[in-house]
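Supplied in structure tokens, the structure appears directly below.
When a ligand or atom number is given, it counts from 1 through the structure's own listing order. Keep in mind the model is a prediction, meaning the values are calculated, not measured.
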Amino acid sequence: MADNNKRRIAVFGSTGSIGTQTLEVIEANPELFEVEILTAQTNDKLLIEQALKFHPNAVVIGDESKYDAVKTALLPTNIKVFAGENALEEVADFDTYDMMVAAIVGFAGLKPTLKAVEKGKAIALANKETLVVAGDIVMQLAVEKRVPIIPVDSEHSAIFQCLVGETRNKIEKIILTASGGPFLGKKPNFLVNVKRHHALQHPNWVMGAKITVDSATLMNKGLEMIEAKWLFNLSPDQIQVIIHPQSIIHSMVQFEDGSVKAQMGLPDMKLPIQYAMGFPHRIANKSPRIDFRKLSVLNFEEPDIKTFRNLSLASLALEKGGNLPCILNAANEIAVWAFLNNRIGFLDITAVVEKSMEKISFIEKPNLSDYFESDGEARNFAASLVKM
Ligand code: NDP
Ligand code: MG
């Protein structure tokens, strides 16, 4: 902690959906938090705006061609400016922050997050891909370094909150809720014609493009099953997915006595973000509350895994482990990118992931460099399928 007892926050991916909401939480709680590091990939304008407002010690712009623009704009300040992929790890290695909010999207978040864990920094983890790819290595290192990894993903935050005070009690299973996304109830004959703009309209949440598509294909829930396995040390048969279209119950834990705890709230990512940042304390806010008198129904149904086959592919990856989740993730990142660029159809996303999982060699006990190699191989193979 800084001398003034404020928690010094490094926001990795500050220009994204989670990043900007993290800064809103910090702005609303200046007595609790201050910004130490901000990072963006290409959005130099917003990064500059954020830096001038929050006065961090350092900023990183991933795209090196934007370095001059950021450097020039921040010249009148004493903010340090870095550029390029390696700079993310360099600033993650700083002593001067207390907590990383890991809000980069995709595999790119893995290295800086690992560096922060190695450094012994608390992690508020939004970047689920980090655990999907290398959950064994990340969690093992976190145990060694006694680093708390506090989930920001709403479902995992819900489970984490249900588990507070239950350290001695065994989990029988967790129930991950899924909104079902914009295509709930639709069949392949509809999905075959779905375009980018349809998939980007999520009924309950406003999020970055990649996770919004993942929510529409249900891959997001698949990734979350794997994320949950590592965060809560669960076996595959302890993880159940249920569709709950209202997104009021964010997830549940069932204990050995059959008792079930659920965490509820209106769908608002600032809640899990501020919970992770303030843990173990809750932070008062004025966000809208649930009015149970107006909530007429909460619905639950089984996911349609015949239509949304990504969920089955992710279950397979969860079950087999090794480098299979890493392959699934890499192929999915390429396929989603190709879909967002109108190169492949909605149903092709699943086909690309499935073919990549069949093609790339399985490694049962990968080390970190195996994960990087599998990621690269799966990306190249998936790219060859979408003709990039
Ligand atoms: P966004 O796409 O909105 O933001 C991503 C952030 O990462 C941006 O700051 C972006 O910079 C930066 N970035 C993108 N690519 C790279 C890269 N290759 N290297 C370094 N930085 C990069 O994503 P979200 O905020 O929606 O999601 C972030 C993470 O949080 C994801 O893992 C997602 O699954 C997870 N999550 C998000 C939720 C949400 O509500 N949004 C809910 C639960 C989990 P730039 O803006 O310059 O491109
Ligand atoms: Mg989620």
Side-chain angles (χ1 to χ4, degrees), residues 10-24 37-50 59-66 69-70 82-89 91-92 100-113 123-133 151-160 176-181 200 202 204-215 218-228 231 241 244 247 249-251 263 267-273 275-276 329 332-333 336-337 340 375 379:
V11 190
F12 278 61
S14 64
T15 48
S17 162
I18 295 290
T20 50
Q21 293 181 84
T22 300
L23 291 177
E24 286 173 30
I37 295 168
L38 296 172
T39 87
Q41 180 61 15
T42 55
N43 194 344
D44 53 332
K45 290 204 172 61
L46 183 55
L47 180 68
I48 292 165
E49 203 180 290
Q50 293 176 338
V59 300
V60 178
I61 180 80
D63 180 349
E64 295 181 41
S65 71
K66 305 263 173 91
V70 179
F82 299 84
E85 193 188 330
N86 293 338
L88 289 172
E89 276 180 282
V91 298
M100 171 190 276
V101 176
I104 288 177
V105 60
F107 182 82
L110 172 61
K111 275 192 190 170
T113 307
I123 310 285
L125 186 76
N127 177 244
K128 62 191 83 184
E129 295 90 345
T130 285
L131 289 185
V132 172
V133 171
V152 166
D153 212 350
S154 57
E155 297 76 2
H156 306 75
S157 174
I159 293 163
F160 188 93
L176 280 179
T177 52
S179 70
L200 286 181
H202 194 280
N204 303 345
W205 304 95
V206 179
M207 310 177 284
K210 194 248 174 191
I211 184 176
T212 307
V213 174
D214 283 347
S215 300
L218 288 202
M219 181 57 96
N220 183 49
K221 212 48 55 179
L223 300 176
E224 289 183 357
M225 290 166 74
I226 302 170
E227 180 186 14
L231 280 170
V241 170
H244 167 46
S247 298
I249 295 184
H250 297 311
S251 278
Q263 187 268 339
D268 175 359
M269 281 310 295
K270 274 200 262 181
L271 279 179
I273 292 171
Y275 183 83
N329 177 68
N332 182 58
E333 285 191 28
V336 170
W337 182 89
L340 284 170
D375 175 80
R379 268 169 211 276

With carbon and hydrogen excluded and only N/O/S kept, which atom of E155 is nearest the Mg ion (ligand 2)?
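Within E155, restricted to N, O or S, the Mg ion (ligand 2) is closest to atom OE1.
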
Could you check atom 5 (C) of ligand 1 against the protein and tell me its nearest heavy-atom contact, residue, atom and distance included?
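Checked against all protein heavy atoms, atom 5 (C) of ligand 1 sits closest to V105 CG1, 3.7 Å.
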
Residue-level breakdown please: for A103 versus ligand 1, do any non-hydrogen atoms fall below 4.0 Å on the side chain, on the backbone, on both, or on neither?
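For A103, only backbone atoms sit under 4.0 Å from ligand 1.
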
Check S154 against ligand 1 and report side chain, backbone, both or neither, counting heavy atoms closer than 4.0 Å.
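Within the 4.0 Å criterion, S154 makes no contact with ligand 1.
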
Is S14 reaching over with its side chain to a backbone N or O of T39, donor-acceptor style, under 3.5 angstrom?
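Answer holds: yes.
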
From the N, O or S atoms in E224, identify the one nearest to the Mg ion (ligand 2).
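The closest N, O or S atom of E224 to the Mg ion (ligand 2) is OE2.
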
Can you name the N, O or S atom of D153 that is closest to the Mg ion (ligand 2)?
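Nearest to the Mg ion (ligand 2) within D153's N, O and S set: OD1.
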
Nearest neighbour of atom 7 (O) of ligand 1 from the list I61, I104, V101, on a heavy-atom basis
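Shortest heavy-atom distance from atom 7 (O) of ligand 1: I104.
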
Can you tell which of D268, L38, I211 gets a heavy atom nearest to atom 33 (C) of ligand 1?
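Comparing heavy atoms across D268, L38, I211, the nearest one to atom 33 (C) of ligand 1 lies in I211.
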
Does any N or O of ligand 1 fall below 3.5 Å from an N or O anywhere on L88, backbone included?
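N/O-N/O distance under 3.5 Å: no.
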
With a 3.5 Å distance limit and no angle check, can you tell me whether H156 reaches the backbone of E224 through a side-chain donor-acceptor pair?
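Yes, because the side chain of H156 sits within donor-acceptor range (under 3.5 Å) of the backbone of E224.
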
Between E333 and G106, what is the shortest heavy-atom contact and its length?
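Smallest heavy-atom distance, with atoms named: OE2-CA, 3.2 Å.
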
Please write down residue, atom name and distance for the protein heavy atom closest to atom 19 (N) of ligand 1.
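Looking only at protein heavy atoms, the one closest to atom 19 (N) of ligand 1 is Q41 OE1, 3.1 Å.
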
Using modelled atom types only, decide if a donor and an acceptor are shared between the side chain of Q21 and the backbone of S17 within a distance under 3.5 Å.
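A pair under 3.5 Å: yes.
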
Distance-only, no hydrogens or angles: does the T212 side chain make a donor-acceptor pair with backbone N or O of G208 under 3.5 Å?
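Pair found, side chain donor or acceptor close to backbone of G208.
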
Closest to atom 32 (O) of ligand 1 (judged by heavy-atom distance), picking from K111, H202, E129:
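Answer by nearest heavy atom: E129.
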
Counting distance only, does the side-chain N/O of S251 pair as donor-acceptor with the main-chain N or O of T177 below 3.5 Å?
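Checking the backbone N and O of T177 against the side chain of S251, a donor-acceptor pair under 3.5 Å is found.
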
Residue portion contacting ligand 1 (non-hydrogen atoms closer than 4.0 Å) for E85
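Answer for E85: neither.
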
Is the shortest N/O to N/O distance between G16 and ligand 1 below 3.5 Å?
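Yes, G16 has an N/O under 3.5 Å of an N/O on ligand 1.
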
Do you see a donor-acceptor pair shorter than 3.5 Å between the side chains of H250 and S157?
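No donor-acceptor contact under 3.5 Å links the two side chains.
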
Return yes or no for this condition: an N or O of T39 is under 3.5 Å from an N or O of ligand 1.
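There is no such contact.
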
Without swapping roles, check the side chain of N329 against the backbone of V132 for a donor-acceptor pair under 3.5 Å.
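Side chain of N329 to backbone of V132: no pair is present.
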
Quick one: does D153 get an N or O within less than 3.5 Å of an N or O on ligand 1?
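So ligand 1 has no N or O lying under 3.5 Å from an N or O of D153.
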
Between Q21 and ligand 1, does any nitrogen or oxygen pair lie at a separation below 3.5 Å?
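So ligand 1 has no N or O lying under 3.5 Å from an N or O of Q21.
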
Show, in sequence, the C-alpha distance, side-chain angles and deciding distance for N220 and K128, and conclude whether the side-chain hydrogen bond (donor to acceptor under 3.5 Å, both in side chains) test is met.
CA-CA 9 Å; N220 183 49; K128 62 191 83 184; 2.5 Å; yes

If we only count N/O pairs under 3.5 Å, is M269 in contact with ligand 1?
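In fact, backbone or side chain, M269 has no N or O that close.
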
If the test is side chain to side chain contact (heavy atoms under 4.5 Å, CB included), which one of L176, V241, I249 qualifies with E155?
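Among L176, V241, I249, the one that satisfies the side chain to side chain contact (heavy atoms under 4.5 Å, CB included) with E155 is L176.
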
Applying a strict 4.0 Å limit to heavy atoms, is K210 in contact with ligand 1?
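In this structure, K210 fails to qualify as a contact of ligand 1 - no heavy atom is under 4.0 Å.
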
Could you list which atoms of ligand 1 come closer than 4.0 Å to a heavy atom of T15?
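It comes down to these atoms of ligand 1: 8 (C), 9 (O), 10 (C), 11 (O), 45 (P), 46 (O), 47 (O).
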
